[in-house]
Amino acid sequence: MSLNYIWSGFFLVGFAAALAQWLVLGDTEIFKRIIEGTFDSARLGVMDIALPLAGVMTLWLGIMNIGEKAGMVNLLARVISPFFSRIFPEVPKNHPATGHMVMNFSANLLGLDNAATPFGLKAMESLQTLNPNKDEPSNAQIMFLVLHTSGLTLIPVAIMAQRAILGAHDPSDIFIPCMIATYVATMAGIIGVAIRQRINLFNGVVVGWLGGITAFIGATVWYFTQYLARSEIEQVSKVVSNLVLMIVIAAFIIAALWKKVNVYEAFIEGAKGGIQTSITIIPYLVGMLVAISVIRNAGVLGFVISGMDWLVTQLGWNADFVPSLPTALMKPLSSSASKALMIDAMKTYGPDSFIGRLTCVFQGSADTTFYIVALYFGSVGIRKTRYAISCGLIADFAGVVAAVLVSYAFFH
């Protein structure tokens with residue numbers, strides 16, 4: 001029911017904000033902008049997201065099927081099962097869903113969004129086979145979705161590339177702040193869901209794995225800062241990210257050939273589901289994107305930013321971060337819109353300004369909660385969200401707070 005109220009609220013709040021601007025500010029173009037925005041968003045959902053996703057889904061579901069027939073996905077599941085069996089207690093050990101989730105998290109970690117989405121949709125589909133109530137998400141599906149929306153990314157390749165395009169002196173200087181912010185968001189997401197599901201995070205295995213992940217991230221930060229010049233970080237990040245993905249593809253094919261699997265037929269068999277999945281999610285995508293468009297074009301974010309600026313000033317805090325908040329507020333709603341706001345901020349204030357850098361850290365601190373809920377739950381027909389959105393937003397908020405604090409420490 002929460003998604004029902006949220007979706008309806010976007011339209012009603014947007015209408016109220018537009019009405020106020022018309023009656024009080026005399027903006028006669030406001031309703032025209034909103035309606036045109038709904039048409040643009042509907043087209044975006046189908047032509048720019050669902051259809052391109054069909055091609056990506058076709059490719060990666062085919063690759064995934066090769067990996068499953070080669071036993072590589074099950075191997076990943078066995079390796080990670082001691083940890084996942086604690087935070088996903090409803091998922092049987094060595095279940096294929098574990099391998100699918102590992103592939104999704106790995107692609108996200110490397111900043112490879114195009115690969116992460118097909119893996120994530122496959123993981124949600126696998127988890128749905130274990131779900132006794134098909135209309136609402138299981139505990140495991142909520143934990144997976146919140147971890148995904150927290151957006152743990154080791155290498156923010158796309159953000160660094162955009163900074164380079166806009167002429168930043170050191171495009172990779174947001175690398176460490178992004179990593180810290182997204183790590184905080186991920187830990188907040190895990191803790192929030194664990195409290196709701198009464199999962200013991202102080203279990204020795206969980207502590208060991210989380211400690212290992214923390215140590216790995218810390219070691220990566222140390223290596224990049226001690227042994228690489230800033231000009232080298234972006235180049236190394238690109239090479240490592242794509243190299244790892246190519247190694248995965250090659251390993252799947254080699255293992256399948258070793259087991260005498262007909263690789264091409266396995267690819268075609270898995271790829272057939274790509275188009276159907278993309279068609280299934282179109283109504284959910286269009287519905288959410290149009291609602292988000294109403295909020296954006298109605299100027300609701302402008303009202304929120306003005307209110308935040310007044311509040312921060314009244315509290316006597318430093319308000320230098322306030323102009324960057326549109327990116328933070330838009331990120332849970334629309335990745336493309338938040339990216340546009342990030343680029344606009346860098347163009348307006350400069351890519352090396354405090355605001356320009358902070359918006360980049362916001363963009364890298366978490367993923368797009370409402371879009372992911374619509375996409376992932378919609379792909380398997382889930383209509384009720386339970387506490388998935390609230391926990392996802394907790395992770396987003398933690399990432400925003402961490403982004404502000406770490407940016408003040410690094411750039412202010």
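Residue numbers run from 1 in the order of the sequence given.
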With Phe354 as reference, evaluate Tyr349, Tyr408, Phe411 under the ring-ring contact (aromatic ring centres under 6.0 Å, His included) test and give the passing residue. Tyr408
Give me the atom names and distance for the closest heavy-atom approach of Val361 to Ser407. CG2-OG, 3.7 Å
Tell me if a side-chain donor or acceptor on Ser365 pairs with a main-chain N or O of Phe362 at a distance below 3.5 Å. yes
Short side-chain to backbone donor-acceptor contact, Thr129 and Ser126, under 3.5 Å: yes
I want to check something: taking the side chain as every heavy atom from C-beta on, are Phe11 and Val290 in contact at a cut-off of under 4.5 Å? yes
Validation row: Met101, Met143 side chains within 4.5 angstrom (heavy atoms): no
Heavy-atom check, side chain of Ile159 versus side chain of Lys339, under 4.5 Å: no
What I'd like to find out is whether the side chain of Cys391 reaches to under 4.5 Å of the side chain of Leu145, using heavy atoms alone. no
Test of understanding: with side chain to side chain contact (heavy atoms under 4.5 Å, CB included), list the residues that count as partners of Thr368, not counting sequence neighbours. Lys331, Ser335, Tyr371
Does Phe31, at its CZ atom, have more than 12 non-hydrogen atoms belonging to other residues, nucleotides or ligands within less than 6.0 Å? yes
Flag for Thr327-Thr359: side-chain donor and acceptor within less than 3.5 Å: no
Answer whether the closest heavy-atom distance between the side chains of Thr186 and Ile213 falls below 4.5 Å. no
Are Ile382 and Gln128 side-chain neighbours, meaning at least one heavy-atom pair lies under 4.5 Å? yes
On a heavy-atom basis, the closest approach of Arg296 and Ser41 is NH2-OG, 4.3 Å
Using ring centroids (six-membered ring only for Trp), state whether Phe144 and Phe84 fall under 6.0 Å. no
With the side chain counted from C-beta on, respond yes when His100 and Met124 share a heavy-atom pair under 4.5 Å apart, and no when they do not. no
Smallest separation among heavy atoms of Ile355 and Ala345, with atom names: CG2-CB, 4.3 Å
Assess, by modelled atom type and distance only, whether the side chains of Gln363 and Ser338 contain a donor and an acceptor separated by less than 3.5 Å. yes
Could you tabulate the donor-acceptor pairs under 3.5 Å formed by side-chain atoms of residues 194-201, not counting sequence neighbours?
unit_1 : atom_1 : unit_2 : atom_2 : d
Gln197 : NE2    : Asn139 : O      : 2.8
Gln197 : NE2    : Tyr387 : OH     : 3.0
Asn200 : OD1    : Phe202 : N      : 3.0

Lys347 atom NZ, neighbour heavy-atom count above 12 within 6.0 Å: no
Donor-acceptor contact present, side-chain Asn131 to main-chain Glu136, <3.5 Å: yes
